[in-house]
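Bear in mind that the values here come from a model prediction, so they are computed numbers and not experimental data. Keep in mind that the numbers below use all heavy atoms, side chains included, and drop hydrogens, waters and symmetry copies.
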Amino acid sequence: MGTNKISGAEAVIRCLLEEGVDLVYGYPGGAIMPVYDELYKFKDQLHHVLVRHEQGATHAAQGFARATGKVGVAIATSGPGATNLVTGIADAQIDSTPMVCITGQVGKHLLGSDAFQETDIIGISTPVTKWNYQITEASEIPEIMAKAFYIARSGRPGPVLVDITKNAQFDELDFSYEKCTGIRSYVAYPKLKLKKVEAAAALINNAKKPMIVFGQGIILGQAEALLKEFIEKSGIPAAWTILGLSALPTDHPLNVGMLGMHGNYGPNVLTNECDVLIALGMRFDDRVTGNLATYAKQAKVIHFDIDPAEIDKNVKTDVAVLADVKESLAAIIPLIEKRAHESWHNEFKKLYQIELDTVINDELAPKKEGISMGETIEMINKHSKGDAIIVPDVGQHQMFACRYAKFNHSKSIINSGGLGTMGFALPAAIGAKMGMPEREVVAIIGDGGFQMTIQELGTIFQTKVPVKIVVLNNEFLGMVRQWQQLFFDKRYASTEMTNPNFIAIAEGYYIKAKKVTKREDLDAAVAEMMASKDSYFLEVMVEKENNVFPMIPTGASVSDIRLS
């Protein structure tokens with residue numbers, strides 16, 4: 001590409017266009033105004049969505065990234081604009097979401113002077129970014145932006161922050177752009193060692209009770225088809241983390257359910273009975289493992305991961321296969337024997353029957369007068385037929401959604417996993433719907449989390465993005481209340497909510513809204529919501545003290561999972 005003199009602000013926009021970006025989320029302010037001026041000039045090529053709070057920009061960018069597999073982009077000004085991004089950046093970091101955040105900064109000559117809206121966003125964001133950089137000269141912009149996108153999307157993805165001083169936005173440079181394809185000392189894709197693959201295959205072929213646990217690495221590595229092939233050839237039961245959910249269809253016969261604190265009974269109990277545990281693109285989070293001192297001590301552990309930092313971090317491995325999971329699965333499939341493991345599968349089936357009889361049937365067809373969260377999710381399944389993208393917020397409703405929602409396609413559930421950010425769902429659903437307009441997107445939110453980013457109803461109203469919003473209202477911070485009930489003698493300290501009229505608020509934003517208080521009205525209301533071509537708000541009054549089980553108490557072993 002030839003060179004020509006342009007402003008740093010225009011260079012930022014041209015860099016985004018060179019990277020294939022056509023949608024950004026943001027909020028303007030003084031230190032980023034030159035970039036916004038250029039955004040105005042390029043609005044036919046680059047669509048900017050004005051959110052109502054900068055945190056909403058990051059969550060929307062996350063939702064877009066997770067639904068599409070592309071890099072999400074968020075823009076904010078300096079000071080409070082930049083610090084308001086931090087929660088979403090931290091969320092993206094722990095959940096490996098590719099995102100580039102661009103912040104404005106005071107002029108280079110003012111750095112360190114406590115100028116108006118000056119904050120050291122580089123220092124603040126360093127612990128929660130994959131990489132960050134402060135640009136103080138216009139000439140740096142093309143190279144740094146190219147690096148930012150390469151680092152965000154390559155290897156184990158993550159968020160990158162680029163802070164640009166105001167002088168660098170105004171000053172001119174000779175613009176030319178070259179995409180980044182590698183950085184010295186940064187190994188995005190470790191070289192696969194075939195000896196490790198052979199060792200893993202030998203363990204798998206000799207196993208009597210093998211078990212697969214898969215996480216979001218499968219989705220990020222676009223290895224869903226290979227996962228299915230691997231599972232079907234080996235005959236190994238496969239369980240998932242909440243970020244791995246939807247990589248394998250929920251009704252696949254070898255899908256044995258969810259791991260972790262509110263996961264399914266069978267895969268949790270049998271983790272401590274399997275002889276070979278095969279971890280695929282997951283990081284052995286504490287919510288999955290419970291007490292590490294008692295976690296899978298009887299098993300040989302094989303860990304497939306792209307990030308060397310995850311190997312032996314929490315669980316000691318016998319064989320570590322370090323590589324892109326797509327490459328490593330393709331290498332191991334020819335080496336494994338075709339098996340059925342019928343008697344081992346029967347153990348999962350027996351434990352599932354116990355869970356069905358003691359928990360699931362009562363949750364999905366409750367005899368109580370009040371509506372349960374589980375039956376609401378089941379009603380959404382009836383009308384979505386497993387084809388919708390579900391975006392839960394954080395809390396009890398999230399666990400109910402992960403346990404009971406049905407999925408036929410990958411990238412169909414977008415969770416805040418590691419950080420557990422209340423307020424995530426509403427803006428993330430906006431990003432997911434804009435990224436995948438042909439799919440239905442349903443946000444499932446508690447009455448607590450909804451009020452953390454309720455202002456993003458304004459973004460829905462202004463953009464006319466047809467997101468479906470379901471608030472499961474139990475007038476409590478439900479998950480905290482459940483713990484208070486079980487472990488703090490029902491001392492409900494600061495968890496009961498006095499809520500506003502949500503229907504009036506939604507209608508104030510010109511969003512069609514309906515409230516359901518009786519079971520007999522639920523089916524028709526969900527059907528109407530799913531049939532709507534526009535955004536739709538549905539409030540469902542659910543049982544106040546509906547608990548999510550099974551449950552592994554904090555610090556307990558996965559074997560100690562409680563059914564009630």
Side-chain angles (χ1 to χ4, degrees), residues 242 261-262 359-381 390-405 413 415-416 420-426 429 442-454 457 468-506 513-523 525-526 529 536-551 553 562-564:
I242 68 165
M261 182 171 276
H262 293 288
V359 177
I360 298 171
N361 286 340
D362 186 50
E363 180 60 39
L364 299 188
K367 297 169 184 66
K368 296 174 192 163
E369 194 176 306
I371 302 168
S372 78
M373 294 193 196
E375 69 179 306
T376 309
I377 305 298
E378 186 78 337
M379 194 61 74
I380 292 167
N381 289 335
I390 303 292
V391 187
D393 207 71
V394 170
Q396 283 181 317
H397 62 279
Q398 177 187 29
M399 294 299 103
F400 280 116
C402 291
R403 284 179 53 78
Y404 297 116
I413 184 160
N415 270 298
S416 170
T421 306
M422 289 175 68
F424 171 86
L426 188 60
V442 184
I444 296 171
I445 317 177
D447 47 310
F450 180 55
Q451 292 177 82
M452 287 196 170
T453 50
I454 195 169
L457 292 174
K468 311 297 164 63
I469 305 151
V470 180
V471 167
L472 300 181
N473 185 356
N474 57 7
E475 299 178 317
F476 268 112
L477 298 175
M479 187 62 88
V480 184
R481 185 213 53 76
Q482 177 170 335
W483 284 48
Q484 289 171 333
Q485 179 185 336
L486 298 174
F487 308 116
F488 293 88
D489 298 323
K490 290 193 175 182
R491 291 188 295 277
Y492 293 160
S494 302
T495 45
E496 194 157 7
M497 303 283 285
T498 301
N499 289 318
N501 182 338
F502 289 136
I503 299 299
I505 291 169
K514 184 165 277 193
K515 182 173 184 173
V516 173
T517 57
K518 295 178 184 167
R519 179 172 287 119
E520 56 264 31
D521 298 331
L522 183 62
D523 193 344
V526 172
M529 174 184 77
Y536 194 106
F537 178 85
L538 178 64
E539 179 183 10
V540 182
M541 299 304 296
V542 293
E543 273 186 86
K544 287 185 73 125
E545 297 188 61
N546 181 197
N547 288 335
V548 55
F549 285 106
M551 180 180 185
R562 295 170 50 164
L563 288 165
S564 62

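- Across M452 and G423, no two heavy atoms sit closer than the pair CB-CA, 3.9 Å.
- In terms of heavy atoms, A425 sits closest to A443 at O-CB, 4.3 Å.
- Between M541 and E539 the shortest side-chain heavy-atom distance falls below 4.5 Å.
- For T421 against S416, the heavy-atom pair with the smallest separation is N-OG, 2.9 Å.
- Residues K544 and E496 meet the side-chain proximity criterion, which asks for heavy atoms closer than 4.5 Å.
- Inter-residue side-chain proximity for R562 and L486 is flagged as met; some heavy-atom pair is nearer than 4.5 Å.
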Evaluation steps, side-chain contact (heavy atoms from CB on, under 4.5 Å), between I444 and I380: CA-CA 10 Å; I444 296 171; I380 292 167; 4.0 Å; yes

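- Under the 4.5 Å side-chain criterion, counting only non-hydrogen atoms from C-beta, H397 is not in contact with V542.
- A donor-acceptor contact closer than 3.5 angstrom is absent between the side chains of Q396 and N546.
- Put simply, CZ on F502 and CG on L457 are 10.0 Å apart, with the number rounded to the nearest 0.5 Å.
- Comment: R403 does not engage E363 in a salt bridge, judged by the lack of any side-chain N to carboxylate O separation of less than 4.0 angstrom.
- V470 approaches V442 most closely through the heavy-atom pair CG2-CG1, 3.9 Å.
- Here the side chains of N547 and R481 are in contact, with some heavy-atom distance below 4.5 Å.
- Heavy atoms only, all atoms of each residue included: N415 and F424 are closest at C-CE2, 3.7 Å.
- Side-chain contact between P366 and R519 is present, with at least one heavy-atom pair separated by less than 4.5 Å.
- You'll find the side chain of L477 reaches within 4.5 Å of the side chain of M497, heavy atoms only.
- For the side-chain hydrogen bond (donor to acceptor under 3.5 Å, both in side chains) with T495, the lone residue among Q484, E475, Q482 that qualifies is Q484.
- In this structure, F488 places its CZ atom where only 12 or fewer heavy-atom neighbours from other residues, nucleotides or ligands lie under 6.0 Å away.
- Atoms CD1 and CG, from I505 and N499 in turn, are 9.0 Å apart once rounded to the nearest 0.5 Å.
- What you find for G449 and D393 is that their closest heavy atoms are CA-OD2, 3.5 Å.
- Ring geometry, W483 versus F487: the interplanar angle exceeds 60°, so the pair is classed perpendicular (tilted spans 30 to 60°).
- A distance of 11.5 Å separates NZ in K515 from CG in L538, rounded to the nearest 0.5 Å.
- Residue-environment remark: CD (E369) stays at or below the threshold of 12 foreign heavy atoms within 6.0 Å.
- Separating the CE atom in M422 from the CD1 atom in I445 is a distance of 10.5 Å, to the nearest 0.5 Å.
- Rounded to the nearest 0.5 Å, atoms CZ (F400) and NE2 (H262) are 9.0 Å apart.
- Within the model, atoms CG of L426 and CZ of F537 stand 9.5 Å from one another, a figure rounded to the nearest 0.5 Å.
- Looking at heavy atoms from C-beta onward, V548 lies in side-chain contact with M479 at the 4.5 angstrom threshold.
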